[in-house]
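Some notes on the structure that comes next.
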Amino acid sequence: MAVLSLDHVQLAMPVGEEERAVAFYAGILGIPEVPKPRHLAARGGCWFESGHLKIHLGVETPFRPAGKAHPAFIVDDLAPLIARLEAGGYPCLEDQPLDGYHRCYVHDPFGNRIELMQESEGPVAGAS
């Protein structure tokens, strides 16, 4: 018996904030919203999926954002995504370099931490 793969990541969101979730995850990050199964839709929240990438947001009461735990998304062009996030009011925070990646962190509209990573050639400048 073995764990084979990851199906999805679920993050928490406050009650009634689906429009803000859609604006961020589908609008800014570009991950399409997909319908939740009918028997789960009554719980609130929303799902975003593209190929093997599946992010589910579920309503949690009382709500507490994930401040340390986070998903890390591989992106194909980090600089324009950072510009789009910051133009939308979501500041991106640099962290220590990681060999093979350019990366940053951003918080979704609810304060959940998200890491964005783009593969790079060789060591990142400034990495020790």
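Side-chain contact between E119 and H102 is absent, with no heavy-atom pair separated by less than 4.5 Å. A 4.5 Å side-chain heavy-atom check between F48 and L53 finds every atom pair outside the cut-off. Residues I82 and V106 are not in side-chain contact: their nearest non-hydrogen atoms beyond the backbone lie 4.5 Å or more apart. For the pair Q118/Y101, no side-chain contact is recorded, criterion being any heavy-atom separation below 4.5 Å from C-beta on. Between P65 and M13, every side-chain heavy-atom pair lies at or beyond the 4.5 Å cut-off.
Summarising the hydrophobic clusters (Ile, Leu, Val, Met, Phe, Trp, Tyr; side-chain heavy atoms under 4.5 Å, direct or chained), the residues clustered with L40 are V34, W47. Residues near L93 contribute nothing to a hydrophobic cluster around it, because no ILVMFWY side-chain heavy atom sits closer than 4.5 Å to its side chain.
Using a 30° and 60° split on the angle between ring planes, Y105 and H70 fall in the perpendicular class, above 60°.
Remark: N112 pairs with D108 by the side-chain hydrogen bond (donor to acceptor under 3.5 Å, both in side chains) rule, at least two apart or across chains.
Sorted by first and then second residue, the salt bridge (Lys or Arg N to Asp or Glu O under 4.0 Å) pairs with a member in residues 31-60 read D7-K54, E60-R64; sequence neighbours excluded. Sorted by first then second residue, the ring-ring contact (aromatic ring centres under 6.0 Å, His included) pairs that include residues 72-91, not counting sequence neighbours, are F24-Y90. Sorted by first then second residue, the salt bridge (Lys or Arg N to Asp or Glu O under 4.0 Å) pairs that include residues 65-88, not counting sequence neighbours, number zero.
Put simply, the side chain of R113 never gets that close to the backbone of A66: no donor and acceptor are under 3.5 Å apart. Of the possible polar contacts, none joining the R103 side chain to the L78 backbone as a donor-acceptor pair under 3.5 Å is found.
The hydrophobic cluster containing F63 also contains I55, counting ILVMFWY residues as joined when their side-chain heavy atoms lie under 4.5 angstrom apart, directly or transitively. No chain of hydrophobic side-chain contacts below 4.5 Å, direct or via other Ile, Leu, Val, Met, Phe, Trp or Tyr residues, connects I74 to L6. Hydrophobic clustering (side-chain heavy atoms under 4.5 Å, transitive across Ile, Leu, Val, Met, Phe, Trp, Tyr) keeps M117 apart from V75.
Among all heavy-atom pairs drawn from I28 and G88, the shortest one is CD1-CA, 4.4 Å. Across every non-hydrogen atom of S50 and I31, the tightest pair is N-CG2, 4.3 Å. Of all non-hydrogen atoms in G45 and V59, the two that sit nearest each other are N-CG2, 3.5 Å.
Note that CD of E115 is 12.0 Å distant from SG of C92, once rounded to the nearest 0.5 Å. Atoms CD and CG, on E18 and L57 in that order, are 9.0 Å from each other to the nearest 0.5 Å.
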